[in-house]
Number of protein chains: 2
Amino acid sequence: MSARGPLNFPYITPIPSCAFYDSVCEIGDYMPNHKIDVSEILANLPLFRQLGQDDIALLVQGSREIRPQKGEFIFQKGDPSHGFYAVVHGQIKLAFPSVQGAEKVVAIIGPGQSFGEAMMFMEKSYPVFAQALTDSLLLHISKQALFTAIEHDNSFARKMLAGLSIRLHGLIHDVEAYSLRSGAQRLVGYLLQNENGQNGQMEFDLPASKQIIASRLNLTPETFSRILHQLTEAGLIQVDGRRITIPDIEALRQYDH
Amino acid sequence: MSARGPLNFPYITPIPSCAFYDSVCEIGDYMPNHKIDVSEILANLPLFRQLGQDDIALLVQGSREIRPQKGEFIFQKGDPSHGFYAVVHGQIKLAFPSVQGAEKVVAIIGPGQSFGEAMMFMEKSYPVFAQALTDSLLLHISKQALFTAIEHDNSFARKMLAGLSIRLHGLIHDVEAYSLRSGAQRLVGYLLQNENGQNGQMEFDLPASKQIIASRLNLTPETFSRILHQLTEAGLIQVDGRRITIPDIEALRQYDH
DNA sequence: CGCCCGCTTGATCGTCATCAAGGGCGGTGG
DNA sequence: CCACCGCCCTTGATGACGATCAAGCGGGCG
């Protein structure tokens, strides 16, 4: 869920994960042995943890690195699927194109998360497009490799079923939010979902620009800004750029307007 | 998709499938050998077709019949999942409860379709409730039985993955519709999705009451009625109770308002 | 320094929900 | 057979939420 956590990939070279730095690096620059890294990266993805050494090896065979720059498209809506993607670092947005440049963000994918799995199991093409929000490093795992992995390890199939189920659950949550919650309620819900068991106070950065978050919540930037302002005036949050402070989580949860 | 098709379960006793008749029948009344029927029903569900005889037998062991009357709840939001449900005949709606009796219909499930699979693979409880729209006959397949079936036949796991993917795709479609389409556009889209390759003319019955359909499209009954009226005045559709006639499919598809 | 971009703030408009009332139909009971 | 009731649907009047249009602010980077 939380796309804003720090990189938890210690096996990646310890160069700062900031997109600014990454943008000046080329494949092989600081990863002469990048094949080995791929194996480790794959093995530590939530989806592939608990997978055998040999299965990982098969997946590595079918995977390749992709290093999109900020703004670059990974695939367009309507493109056919040949596999799926795992984010090593960076940030990817999935969105619908709309008339005249407007678009609706469906998801913001961060490190350790993956996307595009569902489309592999259907004949249909991507219903959304994927675009890098920052310079990123992705792994593309081919449909072929994944299917043989499923064939090999049937506990892996259950893992994927669980993964898709979670995603499905998330979408149902979205549908509920869009259907019967106001903009302010959606925003409050979004802020609180970053809650990590802390009670009382809480502080964090928005994982992306306010425009992107707004779209994710199905709001215009203007409305988003106004709601943030209202919440601030009500003393429920404090905003400093992307930094959000919630002095009283419970109070914010009570908010109903 | 089409929940309004006629029953395609010839192996069910040829008593009219009308809910009115069904409601006066008890288990065993006209199905003394209902265990055999269960096996055939399961084997012909889209999800289970291509499954071996022995796997079906395992599923039968873990399944039981449920005959909810109109209005009866199958499960409530928040209930834990112990398996999933397949609709033999009748109609089930999945919806979110909302304040003061208002509710939002997420899906209308018809014969041959199933629901509740996704929750089996997670620890979470149902995010929606399920209620019978008509007297219905369901099969409940236990989590246990399904998991052993997956264990047994790994092509079955792929089948389930495909099933979940389709559902996921549908939800993404809904999110797109809710996010960036007007009420009229959603309704038009809904009418056209019943399109079965016919071109030119087209005629069919709405699969449920207009209130239910309205909720499915995230509209109030009032707005739904008004849009129907507009489309009628524009000559794009004709409405007679639940019967919808579309004189020119292409013209309706052009509609953009 | 100046531009661009992300964000904010204000004014106005449209879509759709809400509230209210009435019509049509089927089922039930007198 | 008719009257009555409940339910589904329709139609009208009003209002609110949020989008759109327009303008201005402020910071980062060239």
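The chains referred to below are lettered A, B, ... by the order of the sequence lines, with proteins before strands, and numbering in each begins at 1. Computed from a predicted model, the values in this text were never measured in an experiment.
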query = Taking for each residue the nucleotide of DNA chain D with the nearest heavy atom, is it A/Ser182 or B/Ser225 whose nucleotide lies nearer the 5' end?
reply = B/Ser225
ask   = Given B/Glu176 and A/Lys104, is the side chain to side chain contact (heavy atoms under 4.5 Å, CB included) satisfied, shown in steps?
value = CA-CA 8 Å; B/Glu176 175 173 28; A/Lys104 156 67 186 132; over 6 Å; no
Shortest side-chain distance from B/Glu222, nucleotide among C/dA20, C/dC7, D/dC9 = C/dA20
query = Closer than 4.0 Å, any side-chain N/O of B/Ser209 to the OP1 or OP2 of D/dC8?
reply = no
inquiry  = In this structure, how many angstroms lie between the P atom of D/dG18 and the CG atom of A/Leu228, rounded?
reply    = 14 Å
query = Is the A/Tyr85 ring parallel, tilted or perpendicular to the A/Phe75 ring (thresholds 30°, 60°)?
reply = tilted
inquiry  = By nearest atom, which of the nucleotides C/dA17, C/dG10, C/dT8 is closest to the A/Lys210 side chain?
reply    = C/dT8
note = Rounded to whole Å, CG of A/Leu219 lies from P of D/dA19 at a distance of 6 Å
task = Assert yes or no for the condition that the ring centre distance of B/Tyr178 to A/Tyr178 is strictly below 6.0 Å.
result = no
note = A/Arg186 CZ to D/dA19 C1', in whole Å, measures 13 Å
Between P of D/dC9 and CZ of B/Arg242, the distance in whole Å = 7 Å
query = Under 4.0 Å: is that the gap between some side-chain N or O of A/Thr223 and OP1 or OP2 of D/dG18?
reply = no
ask   = Taking only side-chain nitrogens and oxygens of A/His229, does any of them come within less than 4.0 Å of OP1 or OP2 of C/dT9?
value = yes
message = Looking at A/Lys70 and A/Asp135, is any side-chain nitrogen of the basic one under 4.0 Å from a carboxylate oxygen of the acidic one?
response = no
ask   = Does the pair B/Thr223 and B/Ile227 meet the rule for a side chain to side chain contact (heavy atoms under 4.5 Å, CB included), with working shown?
value = CA-CA 6 Å; B/Thr223 305; B/Ile227 295 174; 3.9 Å; yes
remark   = Rounded to whole Å, CG of A/Leu187 lies from P of D/dC17 at a distance of 16 Å
request  = Could you check how far CG of B/Leu180 sits from C1' of D/dG18, rounded to whole Å?
outcome  = 15 Å
note = When rounded to whole Å, the NZ to C1' distance for the pair B/Lys70 and D/dG6 reads 12 Å
Base of C/dT15 paired with side chain of B/Arg181 (donor-acceptor, under 3.5 Å) = no
query = Could you give the OH-to-P distance, from A/Tyr178 to D/dG18, as a whole number of Å?
reply = 14 Å
